[in-house]
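The block underneath contains the structure these notes are about, expressed in structure tokens.
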Amino acid sequence: MTEYIFRHYDDLLEALAEHIQIVAVSLFFSLLIAGGLTVASAYSRKMGEILIQIFSVVYAIPSLALFALLIPVTGLGVKTAVIVLTAYNQYILLRNFITGLNETDAAAVEAARGIGMSVMQVLVRIRLPLGKKAVFTGIQLSAVSTIGIATIAAMINAGGLGTILFDGLRTMNVYKILCGSILSAGLALLVNGVFGTLERRLYSGYRP
């Protein structure tokens, strides 16, 4: 296996770079959309509940099926992968964002409203600071989930580490299977570890 890695390290690094790019772009659009929907939900609790229900249905659709549904519209490649990953992330993000913000201290929210704060001011100054742990957790779960699902996106020619893994399965090449699996799992563990470190710094008074 070591010999295979040294001989094909350039292909492995290229696949890893593609994977990171897909994940990064998907998370960017996911956070952009989820942030907008969360702000809209601040004006209507019912809207937030409806959005979570809608995206829970989307999240329940198998990834391959959702890829297949979009291929006739957006074609094969990265674009379809990003759309699907962004759609999947909405449920994870909104569930944590909206639920976390809605479960903030009701007394603090009422006090803020009592002194004349607008809905947006209450959201930014009261609910977001109090619910930041739920927001952070949502982003962490979304990032790790995206890394895993992005592996399957290789089946629609989106590139990434899934290319190595599925090519290994197709040719019964154990080295490719192991490399693709290890790199994908390792990336997920690394990202989860980074978020864990950030969480300790933010919420537990961690000092280097």
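Counting from 1, the numbers follow the sequence of the chain as shown. Given the structure is predicted, the values throughout are model-derived calculations rather than measurements. The figures here come from the full heavy-atom set of this structure, side chains too, leaving out hydrogens, waters and symmetry mates.
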Report, one line per pair, each donor and acceptor closer than 3.5 Å where one atom sits in a side chain of residues 78-86; sequence neighbours left out.
| unit_1 | atom_1 | unit_2 | atom_2 | d |
| --- | --- | --- | --- | --- |
| Thr80 | OG1 | Thr74 | OG1 | 2.5 |
| Thr80 | OG1 | Gly75 | O | 2.4 |
| Thr86 | OG1 | Val82 | O | 2.7 |

Could you pull out every donor-acceptor pair under 3.5 Å between side chains of residues 149-166 and any protein atom, sequence neighbours left out?
| unit_1 | atom_1 | unit_2 | atom_2 | d |
| --- | --- | --- | --- | --- |
| Thr151 | OG1 | Ile147 | O | 3.3 |
| Thr151 | OG1 | Gly148 | O | 3.4 |
| Thr151 | OG1 | Ser184 | OG | 3.1 |
| Thr163 | OG1 | Gly160 | O | 3.2 |

Name the atoms and distances for all side-chain donor-acceptor pairs under 3.5 Å in residues 53-72, with sequence neighbours left out.
| unit_1 | atom_1 | unit_2 | atom_2 | d |
| --- | --- | --- | --- | --- |
| Ser56 | OG | Ile52 | O | 3.4 |
| Ser56 | OG | Gln53 | O | 2.6 |

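Hydrophobic clustering (ILVMFWY, side-chain heavy atoms < 4.5 Å, transitive): Ile22 and Leu190 are in distinct clusters. Grouping the Ile, Leu, Val, Met, Phe, Trp and Tyr side chains by contacts below 4.5 angstrom, directly or via other members, places Val144 apart from Leu187. In this structure, Tyr88 is a member of the same hydrophobic cluster as Leu37, with clusters built from ILVMFWY side-chain heavy atoms closer than 4.5 Å. Connection of Met47 to Val39 is not established within any shared hydrophobic cluster, with ILVMFWY side chains joined at heavy-atom distances below 4.5 Å, either directly or through further cluster members. Linking Ile, Leu, Val, Met, Phe, Trp and Tyr residues whenever their side-chain heavy atoms come within less than 4.5 Å places Leu31 and Ile20 in a single cluster.
Residues Val135 and Phe97 come closest through the heavy atom pair O-CE1, 3.3 Å. Nearest approach of Gly138 to Leu93, heavy atoms of both residues: O-CD2, 3.5 Å. Across every non-hydrogen atom of Ile177 and Gly168, the tightest pair is CG1-C, 3.5 Å. The two residues Gln140 and Gly196 make their nearest non-hydrogen contact at NE2-N, 4.3 Å. Contact record, Ser30 with Asn89: OG-ND2, 3.0 Å, taken as the closest heavy-atom pair. Between Ala134 and Asn96, the closest heavy-atom pair is O-CB, 3.4 Å.
The NZ atom of Lys132 lies 13.0 Å from the CD1 atom of Ile139; values are rounded to the nearest 0.5 Å. If you take NE2 on His19 and OG1 on Thr146, they are separated by 9.0 Å, rounding to the nearest 0.5 Å. To the nearest 0.5 angstrom, Leu51 atom CG is 13.0 Å from Tyr91 atom OH. The distance from the CD atom of Glu199 to the OG1 atom of Thr137 is 5.5 Å, given to the nearest 0.5 Å. For the atom pair CG (Leu169) and NZ (Lys176), the distance works out to 11.0 Å, reported to the nearest 0.5 Å. Rounded to the nearest 0.5 angstrom, Asn192 CG and Leu141 CG are separated by 8.5 Å.
Here the rule is side chain to side chain contact (heavy atoms under 4.5 Å, CB included) with Cys179, and of Asn173, Val174, Leu12, Leu16 only Leu12 fits it.
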